[in-house]
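See structure below.
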Number of protein chains: 2
Amino acid sequence: MDLSDRKRKILQAVIDEYIGTAEPVGSRAISKRDNLNLSSATIRNEMADLEDMGYLIQPHTSAGRIPSDEGYRFYVNSLMERYQVGMEAIIELQKAFQMRITRLDQIIKYAGSIASSLTDYATIITAPQRGESMLRKVDLVPISNEKTTVVVVTETVRSHVINMALSDDECNILATALNKYLKGLTSKDVTIDKMREVSDRIKERTKLDEEVLARVLKFVFETITDDDTEIYVSNMQSILKYPEYRDVNKAGKMFSFLENKDNLRRLIMSDNGEGIHAKIGSENEDEILKDCSLVTVDYSLGDNRGGKISVIGPKRMNYSKVFASLDTISGEIDKILRYYTNNG
Amino acid sequence: MDLSDRKRKILQAVIDEYIGTAEPVGSRAISKRDNLNLSSATIRNEMADLEDMGYLIQPHTSAGRIPSDEGYRFYVNSLMERYQVGMEAIIELQKAFQMRITRLDQIIKYAGSIASSLTDYATIITAPQRGESMLRKVDLVPISNEKTTVVVVTETVRSHVINMALSDDECNILATALNKYLKGLTSKDVTIDKMREVSDRIKERTKLDEEVLARVLKFVFETITDDDTEIYVSNMQSILKYPEYRDVNKAGKMFSFLENKDNLRRLIMSDNGEGIHAKIGSENEDEILKDCSLVTVDYSLGDNRGGKISVIGPKRMNYSKVFASLDTISGEIDKILRYYTNNG
DNA sequence: TGTTAGCACTCAACACCCTTGAGTGCTAAC
DNA sequence: GTTAGCACTCAAGGGTGTTGAGTGCTAACA
């Protein structure tokens, strides 16, 4: 369905206005804007048409009008003017990233907090997911005369403290045996049979206490197969700033939803859009999000790993600014993480 | 100042009532409770006395009375009846802990979420702080033909990916050199001179690229000296359940405060009470906490490490239940972590 | 002397009503 | 096709009166 140029302008004006005020927009408010020289009566007629077409909604007679989900969708697809993130902000961002370059998870968390401070909405961010996980090395380090740390290196590094009175030599022997049989193992290779076979071979080779060996192996196999991704939320409390969540009950439900990582994981995983994209209101599956929009972007590290950043806010969010901010941030993350994983 | 037995009972009744209802408590409500057989007029006289003594406050004439900070303090010190955590809850808790025994930080996070679900208040929890950090081992693991992971084992394990095209052999040589000069190093030993000395020695011994060596050493030294403790908050949104935070602005400020880890760290670090203890209302330094109480308990691992759990809620919190819950949880953490670090 | 009953007074909360103003739809004039 | 005018609607805001919980004080009672 095609809209006349005038209708497009009016729809855009209504949505821009509503994004700013969160109040139903009346015809007079639009006619007073300087870019359209039309009387309020004319605007009224056009707005009535837009309502018939499904782009606007009148909450009750004699109130102004607010955008429908379809209205927002049309706005995001066709009307929205691209916002430009200021150069100062970008430089600020680059500096901030560079200062935090020590730990990957910190960069990710920090990116989330930047996204939320640029947009002033809550942000959900996932740490880079591993692609296939391959075992590089197992190491055993005596910590005291009672304890030993097991270190497993795949794409990431995990460790576990167990109770064993092992000498340096014993650690070396066991580590050597473990590496001999396990190096190069991927999550696909881990089966019950494989676990039993490795266990038997090492047992006959090292003559170590059976239970200790079982515990070490359990941890190693768990580490290879486990791939839960970390997920962070920042700036949750921004929700309270928006009149949509003036009602404390509603806000509370939203908080509970966002505090539950399973919900977030499902939310972000089920997202299969590409590039920057928005899910507006009822386009979200969760009932609780029907008044919200979720704008999501992927970032990638080039090497088969990547994650997502989502900004979540009221449907009446500043899409233009959110799109621009996420675009910039994901670009900078790409840069910094490529640098980090290649030269860091 | 000594209170008559009757005054104590009345004060206790007022506070118990107020904790439940959050409404100013009138004399009639107290006289109707079955444990005291006194008319409302008598109660009125006693309550007027308690107000003169500073234990109660009347928000305005002809309203009921609410406890003052001193009233709560007296209640916590002398009146409160000890709540008993149900055996089923304890067993539930033990089971839950046992299922999560794989990772220390997960246990800690989980303990926080249990504390908040038992008490229904927000919980702040710090991961075990390290005592003195001593370097046990450094390891280098090639990840691809461009990247190598550096693994540093102290009491904990940290890793870092850097860009180096090193073979297994080269990794071994460098690792051996690093271990030779660095093993046993504690945070006290790290000085600029020491760093330079180690760097020079390894340089002449291995003839490795200077920049690469510098990067590895920087990471190793950082890991030894760095001791920022992780800190988690759970169940923040419970704040919205309490009428004290019906006002969205107030709730928003509280959220911002609790989302800032620096605030939390300062809050928990500045706490120097022993055992389970409460900071009530104005006993807290932060202005924003003057309407809150903070109940804190330490847990320890026996081996010089430990952390804290704090429950934060309205002054009108169920102190009895919070004290009992924290007591139970810290006891269970002690047990499970001792088990974990000794036998895990 | 301590306790109780009764009474007048205070004050926040609530319902109710009226007014106001923003906004609409419709119609007639331009 | 656009504008001006008019009657209508409805939410929000500002009094006003009522209600009910609670108090302090006083007098009577055990």
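A, B, ... follow the sequence lines: proteins, then strands. Residue 1 opens every chain. Only heavy atoms go into these numbers, but all of them, side chains included; no hydrogens, no water, no symmetry mates. What you are looking at is a predicted structure, and each value in this text was computed from that prediction instead of being measured.
- Residues B:Asp298 and B:Lys308 meet the side-chain proximity criterion, which asks for heavy atoms closer than 4.5 Å.
- B:Ser238 is linked by a side chain to side chain donor-acceptor pair (under 3.5 Å) to nothing, counting only residues two or more places apart in sequence or in another chain.
- Following rounding to the nearest Å, A:Asp49 (CG) and D:dT2 (P) show an atom-to-atom distance of 11 Å.
- A:Val14 is not listed as a side-chain neighbour of A:Tyr75, based on a closest heavy-atom distance of 4.5 Å or more.
- Salt bridge status for B:Lys279 with B:Asp271: absent, with no side-chain N to carboxylate O gap under 4.0 Å.
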- For DNA chain C, the dot-bracket notation using Watson-Crick and G-U wobble pairs below 3.5 Å, [ ] for pseudoknot-type crossings and | for other-strand pairs, is ||||||||||||||||||||||||||||||

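- Remark: B:Arg73 pairs with B:Glu283 by the salt bridge (charged side-chain N to carboxylate O under 4.0 Å, His left out) rule, at least two apart or across chains.
- Judged by distance alone, the side chains of A:Thr119 and A:Ser325 never bring a donor and an acceptor atom under 3.5 Å apart.
- Between A:Arg33 and A:Glu17 a salt bridge is recorded (basic side-chain N to carboxylate O distance below 4.0 Å).
- Following rounding to the nearest Å, B:Glu46 (CD) and C:dG2 (P) show an atom-to-atom distance of 10 Å.
- Here the P atom of nucleotide D:dG22 and the CD atom of B:Glu23 are 9 Å apart, to the nearest Å.
- Distance, B:Asp5 CG to C:dG2 P: 17 Å, rounded to whole Å.
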Pairs: protein N or O with nucleotides 25-27 of chain C N or O, under 3.5 Å:
unit_1 : atom_1 : unit_2  : atom_2 : d
C:dG25 : OP1    : A:Arg65 : NH2    : 2.7
C:dG25 : N7     : A:Arg44 : NE     : 3.2
C:dG25 : O6     : A:Arg44 : NH2    : 3.4

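- Residue order along DNA chain C, read from the 5' end via each residue's closest nucleotide, puts B:Ser39 first among A:Gly26 and B:Ser39.
- Proximity of B:Ser27 to the phosphate of D:dT23: a side-chain N or O atom is located under 4.0 Å from OP1 or OP2.
- The two residues A:Pro24 and A:Ile66 make their nearest non-hydrogen contact at CA-CG2, 3.8 Å.
- With sequence neighbours excluded, the residues forming a side chain to side chain donor-acceptor pair (under 3.5 Å) with B:Tyr319 are B:Ser293, listed by chain and number.
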Anything under 3.5 Å between a protein N or O and an N or O of nucleotides 8-12 of chain D, put it in a table, one pair a line.
unit_1 : atom_1 : unit_2  : atom_2 : d
D:dT9  : O3'    : A:Thr61 : OG1    : 3.2
D:dT9  : O2     : A:Ser62 : OG     : 2.5
D:dC10 : O4'    : A:Ser62 : OG     : 3.2

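- Distance, B:Arg6 CZ to C:dT1 P: 15 Å, rounded to whole Å.
- The nearest pair of heavy atoms linking A:Ile312 to A:Met317 is C-CE, 4.2 Å.
- Taking side-chain N and O atoms only, A:Thr42 has a distance below 4.0 Å to OP1 or OP2 of D:dT3.
- Using cut-offs of 30° and 60° on the angle between ring planes, the pair A:Tyr121 and A:Tyr242 is parallel.
- Between A:Ile57 atom CD1 and C:dT24 atom P the separation is 15 Å, expressed in whole Å.
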